2 protein chains.
Amino acid sequence: MSITIKDVARAANVSVATVSRVLNKKSNVSDDAAEAVNRAVKELGYSPNFLGRDLRKSETRRILAIIASTEQSFYSEVLRGMEEAASAKGYDVIIATTRDDPNHEMHLLGMLFSRSVDGAVLLGPKLDAATISQLAENHNIAMCLERLENCKVLTVTIDNVKAGKDAVNYLINKGRRRIGLITTKLRSQSSIDREIGYRQALEENGIPYDESLIFYGSYEAESGTKGCEALMNLPNRPDAIFSISDMIAIGAMNYALSSGIDIGKEVLFFGFDDIQYSHIFVPHLSTVRQPCFLQGKMVVEKLIENMKSDEPDKSLYMLPHSLILRETTGD
Amino acid sequence: MSITIKDVARAANVSVATVSRVLNKKSNVSDDAAEAVNRAVKELGYSPNFLGRDLRKSETRRILAIIASTEQSFYSEVLRGMEEAASAKGYDVIIATTRDDPNHEMHLLGMLFSRSVDGAVLLGPKLDAATISQLAENHNIAMCLERLENCKVLTVTIDNVKAGKDAVNYLINKGRRRIGLITTKLRSQSSIDREIGYRQALEENGIPYDESLIFYGSYEAESGTKGCEALMNLPNRPDAIFSISDMIAIGAMNYALSSGIDIGKEVLFFGFDDIQYSHIFVPHLSTVRQPCFLQGKMVVEKLIENMKSDEPDKSLYMLPHSLILRETTGD
DNA sequence: ACTATTTGTTGAATCGTTTTCATTCCGGCA
DNA sequence: TGCCGGAATGAAAACGATTCAACAAATAGT
């Protein structure tokens, strides 16, 4: 059917071994033979079948990134970081989406079990800590952006507790005392951590925790709008709102704008993620920026190291975040 | 090293052939044997090595989607459609990004040449028509969302000329005569087609074509802002603006908002793509919606058909688009 | 001139599957 | 009893590469 290394060998009048050596730029091959092989390769339009190669070498030089969907443009930078690191070591990154379905996530991990990829990085997994820990015992798995409590697996993320605390502290330092929080009902660990940070900031500043100031919604912008409406109609309404994502914050500001609230003075807004729209949407949103590119780069570097080592590193790495201050906090 | 089919065979006291038959649910295997194999598989935690299987079967049941980056959340729906269709036929979709680099795009296509995937779909290719046509002669390639002039390859997209024309006609029917166009300097075919549609609409309505009403920028929102500024400072400024993407339109509206223009009355705005933000950003943007999911679904269905057929379908399919009318056109 | 070493090459083994082909076993039928 | 057919099984041949082990030829060293 298609051209194999045998055809090339025949055409170049050498053995398949020689062809292989030429193709892999190994030593011990005469110039004559090399040239003949190269000519044959070109003439026949040969391109090696990686299934054969990968089987023999037991490696594919491919890393699978598993994400929920490509909707969150947020992942984009992380993936770029992953590709950069992978590329530098001669690996390719391929992406697959879970559609928020743990079963499908497991199906995708099948590519790892079946040796179709050498390693996998989970960005916001749907599977639980126990399952992942167990899989990580025999396979090259890492997590990025999210950590999981009690999960023994290589993880690269940020300190979401501290990030939440930093954001809220900033609002407090701006003289705000009633700070609303818009978060999600179904929560990833990062959302939980950000909420913990929110509480810590209040506590450390002697501000009483008021349950009514917390709105639990979904990840959609619309949910932010609803949350803002609820909070703003409180008898004692907040003078600042911290949202656990920019998307939610933008939704929230939508309500504020439409009801004539003076954003940045009357009520301050703080988001999380620094997505592209956070500085397109007017007024520009103050937010927490994660080192996305760096997290992606680091997780792949560590993962590749793990693949060669026989006692893999399963630590939790937390990279530094930063506050981006814009109009919604009056900056 | 790891557990192979041989180990399972040994443990179950049968031959590898029988194990294979059980695993693939083939007939002609006794209940006893089947049970023994299944137990052994479970006990050993065996999972088949697909490199061996794929090599033997010469198929991977994997389709590669090649996109520029995951930044355009716009692709998300298309990919979902692709996955739906693939899944239905027992295929997986994996994604890889070109980083806007034609060389890297070619590198990714290497996965196709080296049989690491069974087919590839290009969403907005960086390679030229001639190259792609040639590759499509020997490989299972398809294009989606974008077409390429004189490119003999299976393509699923929309009629961007008509879509552009429809949008501009709508503005004309609203009584507008000076219609600005914000497009990109480096253009994909879809941008070109939308501009052609713009011109056709003017022509058919006897409106003279005015070069100064066209702004050539980039795909960023900022470029839309600049474009709008330029057009609005024209001596004879436009009363409507058609942008070739929502992103650009949102950038454009940013300028309009900040300079106190009454959007939807004084100046109408029309975008393209119907991205999520087009109805989050206020005022809500009128735009052209593509059948993203459907395009993805169709292209994979046709591609899989092509993979089995020996005279592949290389037609151009154009799916119907629709106009979404919101506040920016006064609806 | 003879042995060591290097260099270039090759045939064959290997990777882990699927699948073909042959074989065995067993029951049914004449 | 003898023959046939179908079901269950296993041995071995693929699939297409890499690489080990072996060897011939050439070069170098004494």
Side-chain angles (χ1 to χ4, degrees), chain A residues 1-38 40-41 44-62 90 110-118 138-139, chain B residues 1-38 40-41 44-62 90 110-118:
Chain A
M1 181 62 87
S2 59
I3 300 127
T4 76
I5 199 172
K6 271 189 198 156
D7 302 318
V8 177
R10 201 172 309 127
N13 244 322
V14 295
S15 74
V16 293
T18 304
V19 177
S20 175
R21 257 175 287 124
V22 172
L23 261 45
N24 294 291
K25 306 195 200 311
K26 287 274 180 60
S27 51
N28 290 345
V29 41
S30 69
D31 293 349
D32 283 3
E35 207 215 342
V37 167
N38 284 323
V41 164
L44 299 176
Y46 167 74
S47 104
N49 183 325
F50 278 17
L51 297 174
R53 162 184 302 191
D54 293 348
L55 172 59
R56 179 59 227 250
K57 299 181 110 173
S58 298
E59 71 163 4
T60 63
R61 301 231 137 215
R62 243 171 274 132
M111 295 183 64
L112 186 58
F113 312 149
S114 63
R115 285 33 158 238
S116 299
V117 296
D118 292 347
N138 310 309
H139 297 99
Chain B
M1 181 63 87
S2 60
I3 299 127
T4 75
I5 198 172
K6 271 189 199 159
D7 302 317
V8 177
R10 201 171 311 127
N13 243 322
V14 296
S15 73
V16 293
T18 303
V19 176
S20 175
R21 273 187 288 250
V22 172
L23 261 46
N24 295 290
K25 307 195 200 313
K26 287 275 180 62
S27 53
N28 293 344
V29 39
S30 68
D31 292 349
D32 284 1
E35 207 215 340
V37 167
N38 284 324
V41 164
L44 299 176
Y46 167 73
S47 104
N49 183 324
F50 277 17
L51 296 175
R53 164 185 299 193
D54 293 348
L55 173 59
R56 177 59 225 240
K57 298 181 108 170
S58 299
E59 72 163 3
T60 63
R61 300 229 138 216
R62 243 170 273 133
M111 295 183 64
L112 186 57
F113 311 149
S114 62
R115 278 56 152 221
S116 299
V117 295
D118 292 348

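On a predicted model such as this, the values are computed, not experimentally measured, just so you know. Lettering of chains follows the sequences in order, A, B, ..., and the numbering in each one begins at 1.
Residue A:Leu55 is in base contact, counting any heavy-atom pair closer than 4.0 Å across all strands shown. Contacts of B:Asn24 with the nucleic acid, taken as non-hydrogen atoms under 4.0 Å apart, involve only primed sugar atoms and P, OP1 or OP2.
Between B:Arg53 and A:Ser114, the side chains place no donor N or O within less than 3.5 Å of an acceptor N or O (distance only, hydrogens not considered).
For A:Thr4 and D:dG16, the shortest distance from a side-chain N or O to OP1 or OP2 is not below 4.0 Å. A close approach under 4.0 Å does occur between a side-chain nitrogen or oxygen of B:Arg53 and OP1 or OP2 of C:dT18.
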Output one line per pair: protein atom, nucleotide atom from nucleotides 26-28 of chain D, and distance, for all N/O pairs under 3.5 Å.
none

Review item, nucleotides 6-13 of chain D N/O atoms under 3.5 Å of protein N/O:
unit_1: D:dT9; atom_1: OP1; unit_2: B:Ser30; atom_2: OG; d: 3.1
unit_1: D:dT9; atom_1: OP2; unit_2: B:Ser30; atom_2: N; d: 2.9
unit_1: D:dT9; atom_1: OP2; unit_2: B:Ser30; atom_2: OG; d: 3.2
unit_1: D:dG10; atom_1: OP2; unit_2: B:Ser15; atom_2: N; d: 2.6
unit_1: D:dG10; atom_1: OP2; unit_2: B:Ser15; atom_2: OG; d: 3.0
unit_1: D:dG10; atom_1: OP2; unit_2: B:Thr18; atom_2: OG1; d: 2.9
unit_1: D:dG10; atom_1: N7; unit_2: B:Arg21; atom_2: NH2; d: 3.0
unit_1: D:dG10; atom_1: O6; unit_2: B:Arg21; atom_2: NH1; d: 3.4

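Across all non-hydrogen atoms, the minimal contact from A:Ser47 to B:Arg115 is O-NH1, 3.4 Å. Minimum interatomic distance between A:Thr18 and A:Val29 (heavy atoms only, all atoms of both residues): CG2-CG2, 4.2 Å. Nearest heavy atoms, A:Leu23 versus A:Val37: CD1-CG1, 4.2 Å. Here the closest non-hydrogen pair linking B:Leu44 and B:Ile3 is O-CD1, 3.1 Å.
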Without placing hydrogens or testing angles, list every side-chain donor-acceptor pair under 3.5 Å for residues 4-13 of chain B, not counting sequence neighbours.
unit_1: B:Thr4; atom_1: OG1; unit_2: B:Lys6; atom_2: N; d: 3.1
unit_1: B:Asp7; atom_1: OD1; unit_2: B:Arg10; atom_2: NH1; d: 3.4
unit_1: B:Asp7; atom_1: OD2; unit_2: B:Thr4; atom_2: N; d: 2.8

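Atom-to-atom, CZ of B:Arg115 to C1' of D:dA17 comes out at 12 Å; the value is rounded to the nearest Å. Separating the NZ atom of A:Lys6 from the C1' atom of D:dT18 is a distance of 14 Å, rounded to the nearest angstrom. Here the P atom of nucleotide D:dG16 and the CG atom of B:Asp54 are 13 Å apart, to the nearest Å. Rounded to whole Å, atom P of D:dT19 lies 12 Å from atom CG of A:Leu23. Atom P of nucleotide D:dA17 and atom CG of A:Asp7 are separated by 9 Å, given to the nearest angstrom. Nucleotide D:dT18 holds its P atom 12 Å from the CD atom of A:Glu59, rounded to whole Å. Per the geometry, CZ belonging to B:Phe50 stands 17 Å off C1' belonging to D:dC15, to the nearest Å. Taking atom CG of B:Asn49 as the reference point, atom C1' of C:dT17 lies 8 Å away to the nearest angstrom.
Residues meeting the side-chain hydrogen bond (donor to acceptor under 3.5 Å, both in side chains) test with B:Asp31, sequence neighbours left out: none. B:Phe113 pairs by the ring pair (Phe, Tyr, Trp, His ring centres under 6.0 Å) definition with B:His139, not counting sequence neighbours. Not counting sequence neighbours, the partners of A:Arg62 by the salt bridge (charged side-chain N to carboxylate O under 4.0 Å, His left out) test are A:Asp54.
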